[in-house]
Every structure is written in structure tokens, then in C-alpha cells.
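Here is how names work: the chains are called A, B, and so on, in the same order as the sequence lines, proteins then strands, and each is numbered from 1. If you're wondering where the values come from, they're calculated on a predicted model, not measured in any experiment.
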Amino acid sequence: MGIHKLMSLIDEKAPDAVKEITLDTLTGKKVAIDASMCIYQFLISTQTLKQGFGVTELRDKDGNLTGHLVGILNRTLSLLDHGIKPIWVFDGKAPQLKAGELEERKEKKKEAKEKMDQLMEEGKDDEAAKMAQRSIRVTPEMTEDAKKMLRLCNIPMVEAPSEAEAQCAQMVKDELAFATVTEDMDALTFGTTVLLRGFGNRKDPIRQITLSKVLEGFEMSMDEFIDLCILCGCDYTSSISGIGPVKAFKYITQYKTIEEVLEVLEKENTKSKSATKKRYQIPEEFLYKESRAFFNEPDVTKKEDLEEFKWGTPEEEALTKFLTEEKGFSEVTVNNALKKFKKTKGKANQKRLDTFFKMGTKKSTSKVTKTKAAVKSKGKKSFK
DNA sequence: CACGGCCA
DNA sequence: TGGCCGTGG
């Protein structure tokens, strides 16, 4: 999932690219959130282990999972409370390149489910719980419920043509958002200038990773970085056995491209042929060129084809109806959420105004806003 | 995921 | 006061 062990490589080779921050430092900023990733995490974190009864989840009366709705609602409110404007980005059609990876995941989930059932029968509850986490599948219905809730909240939402992380990265490049919020490191490979991770654990600080500083620390160009990521192991092709993040880093540093690295590896293989078996197994279909092309030019919607983002107030009646009547939320919970929405209304703008005055003269700042707004939004103000 | 309750 | 646990949905 994502890029195998890229984070440990960054920690080691480019520690300056990582900054520990709090939510307050993001006040006034917009962030693009990888919704698919969050949904999965929320579903896991709302599972509970009941001794003797196995794993229970949050469900509505029809048995549909609802933990992701709880999570998305709470996270949205927490961000708004800090004056941060969320844009939820959903996966579209999976790219053809990912078919193999998805098939593999499906198989693993099936295995996990079978193991879980077996462990349950044996009464090994906590081991079963681990398997239950692995067997979670996000269905189209769950995604639709999440989208519906966000629409009723009047919180911006983007349906990506393909990969959500790629769409997030594009939005950050287009300056529609400050950063991509995800645990999936390939957002960096797609070129997000800033990645935020660690929103899950309340205890640990959020980590802000800056792409330019990663490249600086790695002493690599973006092209080299993409090749490094593919060698480390990405979702779009199988990788070379015998090559992990450490060797990938060494070889790309030395030889710059996968083509060159492959030549070297083949030489090394023939050298060691007589001694033992082949050291490096290059997959039959090593789709590094296709993967590289996809990282460079994924299917995304660019700024000019996106609707302007607006952070409005919830459709109170319809939202209440949906969450209480269909999704089993208590009225108290929904009312509290609505209250929080009201409390946080205008918070981002208010705090932005504070920094606006702190920053200096009106003249200089309005110049900046003007140039930004003038890019494509025909007279309409992009800020509100 | 957040919240309330319980206990050191 | 702050960490852990059960519940909610």
C-alpha cells in the first residue's frame, strides 16, 4: 500500500523534510483529504472487541456500517473548529495498472475473513479481532453514504477521476489546498508539495512533510524520486525481490534511472550465477515505465474544471433526517454536531483576518489575493 | 471517531 | 488529572 517504507527512508535521509505540528498552525488553510483512506481507518477504529462475542461495529438498523460517517463528521468538525477548511476527495475508477494489486488485496481480505471465522469458533477473540481489521471492505454504499452526508453538511467534496491521492496532489499544486491529508506516501510521488499525516492518533503530533525538502535531503530530482518510489514498491507494479528501500536508494543515487539500475542488476546476477542462485528477481512484467508515466501524468481534474469550493452551513433538516432516521444516530448526537457547526462558523475567516492585520499593510496583502484570485475565477472571489 | 464514567 | 474502557451507531 502506498510506497513501501518511504517514510523510514525520509526519516533517515531527509529528517529536515519532516516537521511536527499542531492543528493550530493550519488555521485559515484548506486541506485536501484522501477520503477513501480515512473511511478505512475510521471503520477500523470504530470496531470494538467484546470478549465472548467477537468483534462489533457501528451499524444502522439495516446492518450497514456507519463508523466512517461518525469519523468523517467528527474530523470535519474538529478541522472547522481549528479554522481549517476540509475538502474531501474520493477515489474514482481504479487505474488499470492497479488491477493486479487490487486482486491481491481482495484475496488477502478473503483469507483474513476465513481466518477470522475460524479463530472465532476456536474462541480466540483477540486474534480474530486482528483478522477482522484486515477483512474490512469499503463498499460503494458506504462511500455513497459518506458523500451524501458531506453534501448535506455543505462541505466541499471532489470525486476524483482515478486515484484520490493524485487528485489531492493536483489540487495542492494548483494552490486550491495547502496540503494533502493522507497516510499514503504516494501522494508525494504524485507531487503534492506538502503532505500531512498522523491525524489518527490524538496522542502523537501531526507530521508535515515537504516534498522539496525530501528531494533536497535525498539529493534527487523529481524524476529520480519517482523511480526510487517505484523501486521501493508501489501499487502499480510488482517490485524486484532483493531490492528494498535501502538498496533502491543506493542504486538510484548512483545510477539515476531504473533502466540503468536494471542493467547493473543483470550484470550482478550473471556474476553470481555460478556461485549461488540469482540474487535479484526482476518480475516478468515489471511495469516501471507505465508506473512512472502514471505518477507523472495521472488522470486528474485540474483547477479550471473544478467547481469553486464553498464551506456552507448544513442543511439541518435533511441532515438530521438522514442521520437519525436512516443511519441510526441519536438526535442528541446530531444536535450537538449542528451546534458545533454553528460555533465554528466563520472561524477560519475570523482567524485569517487576525493574521491579515498582523501581516502588515492592506496594500501588500490585497495584491497577493488579487493575483491568486485572478488566475481563472472570472471576477468571482475565490476567498469566502 | 468522541464522550462519559471509573479509578489510581 | 489523565489514562483506560465501554458505548454509540
Specify the separation, in whole Å, of atom [atom1] of [X] and atom [atom2] of [N].
| X | N | atom1 | atom2 | answer |
| --- | --- | --- | --- | --- |
| A/Asn74 | C/dG9 | CG | P | 12 Å |
| A/Leu69 | C/dG9 | CG | P | 12 Å |
| A/Phe199 | B/dA2 | CZ | P | 12 Å |
| A/Phe329 | C/dG8 | CZ | C1' | 9 Å |
| A/Asp126 | C/dC5 | CG | P | 13 Å |
| A/Asn335 | B/dC3 | CG | P | 15 Å |
| A/Asp81 | B/dC3 | CG | P | 10 Å |
| A/Gln51 | C/dC4 | CD | C1' | 15 Å |

Practice prompt. Give a yes/no verdict on a cation-pi contact between A/Lys147 and A/Phe90, requiring under 6.0 Å between NZ or CZ and the six-membered ring centre and an angle within 45° of the axis.
Written response: yes

Worksheet item: Under 3.5 Å, side chain of A/His68 to main-chain N/O of A/Met142, donor-acceptor pair present?
Response: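 Checked: pair present.
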
Discussion item. Quick one: does any side-chain atom of A/Asn74 pair with a main-chain N or O of A/Val70 as donor and acceptor, under 3.5 Å?
Written reply: yes

The side chain of [X] lies closest to which of these nucleotides: [options]?
| X | options | answer |
| --- | --- | --- |
| A/Lys340 | C/dG8, B/dA2, B/dC1 | B/dA2 |
| A/Arg75 | C/dG3, C/dT7, B/dC1 | B/dC1 |
| A/Lys203 | C/dG9, C/dT7, C/dG3 | C/dG3 |

Worksheet item: Which part of the nucleic acid, if any, lies within reach of A/Lys50 when heavy atoms closer than 4.0 Å are counted: base, sugar-phosphate only, or nothing?
Response: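 Sugar-phosphate only.
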
Worksheet item: When all nucleic acid strands are considered with a 4.0 Å heavy-atom cut-off, which category describes A/Thr48: base, sugar-phosphate, or nothing?
Response: base

Worksheet item: Between A/Phe249 and A/Phe218, what is the ring plane arrangement, given parallel below 30°, perpendicular above 60°, and tilted in between?
Response: perpendicular

Worksheet item: Should the pair A/Tyr288 and A/Phe286 be assigned to parallel (<30°), tilted (30 to 60°) or perpendicular (>60°) ring geometry?
Response: tilted

Discussion item. Taking 4.0 Å as the cut-off, does a side-chain nitrogen or oxygen of A/Ser330 come that near to OP1 or OP2 on C/dG9?
Written reply: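 Looking at the OP1 and OP2 atoms of C/dG9, one of them is under 4.0 Å from a side-chain N or O of A/Ser330.
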
Practice prompt. Report yes if at least one side-chain N or O of A/Arg202 is closer than 4.0 Å to OP1 or OP2 of B/dA2; otherwise report no.
Written response: yes

Response to the item:
Assert: residue with more 5' nearest nucleotide on DNA chain C, out of A/Leu49 and A/Thr66, is A/Leu49

